[in-house]
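To start, the structure itself, in structure tokens.
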Amino acid sequence: MEKEQLIELAKEAALRSYSPYSNFRVGAAVLCEGEHIATGANIENASYGLCLCAERAAISNAHAQGHTKIEAIALACIDADIQVSDHELMPCGSCRQWIKELAPKATIHIAGLEESFVIDQLLPMSFSLDSHKDT
Ligand code: THU
């Protein structure tokens, strides 16, 4: 699976976003070992703090489908205003923490950016519990 294909799937997933409060649609596509793909979109709620990000929706879906070895993640913020800066394209802090624990080896592709990342670039010196061993 190529980077551009995974990004296309993330953009498609963003079309299924439920984001009536922010009008900011986000989609994510997760490539797992064995070429399995799970997708997710941001799902908002009138109680704003309950909004679910696309990356966490996609990672949850992969896990629920029994696919826990995540090789790559693509993120597409299709309503981002890229005239201003790249910041609206980037994963939020909570999703970075999720990726660190649940997809630590994943390559992270971001629609609109040439460069791809690994989580240690996006979340250096991150929190983890010593009692938890990475597999
Ligand atoms: N959002 C994501 O889905 N992923 C991110 O990494 C950044 C933010 C969503 C949450 C909310 O529904 C909307 O974008 C605006 O913050």
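Just follow the structure's listing: the first ligand is 1, and inside any ligand the first atom is 1. As a basis for the values below, the full set of heavy atoms in this structure was taken, side chains included, without hydrogen atoms, waters or symmetry mates.
For I82, the CD1 atom counts as loosely surrounded, since its 6.0 Å shell holds 12 or fewer non-hydrogen atoms of other residues, nucleotides or ligands. At most 12 non-hydrogen atoms from other residues, nucleotides or ligands lie less than 6.0 angstrom from CD of E2.
For residues 58-93, the pairs satisfying ring pair (Phe, Tyr, Trp, His ring centres under 6.0 Å) are H36-H67, with sequence neighbours left out.
Not counting sequence neighbours, F24 has no partner by the ring-ring contact (aromatic ring centres under 6.0 Å, His included) test. Residues meeting the side chain to side chain contact (heavy atoms under 4.5 Å, CB included) test with C92, sequence neighbours left out: C53, R56, S94, C95.
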Starting from the N and O atoms of ligand 1, find every protein N or O within less than 3.5 Å and list the pair with its distance.
unit_1: ligand 1; atom_1: 3 (O); unit_2: A54; atom_2: N; d: 2.9
unit_1: ligand 1; atom_1: 4 (N); unit_2: E55; atom_2: OE1; d: 2.8
unit_1: ligand 1; atom_1: 6 (O); unit_2: E55; atom_2: OE1; d: 3.4
unit_1: ligand 1; atom_1: 6 (O); unit_2: E55; atom_2: OE2; d: 2.6
unit_1: ligand 1; atom_1: 6 (O); unit_2: C92; atom_2: N; d: 2.8
unit_1: ligand 1; atom_1: 12 (O); unit_2: N42; atom_2: ND2; d: 2.9
unit_1: ligand 1; atom_1: 12 (O); unit_2: E44; atom_2: OE2; d: 2.5

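With hydrogens and angles left out, the side-chain atoms of S128 and E101 include no donor and acceptor closer than 3.5 Å.
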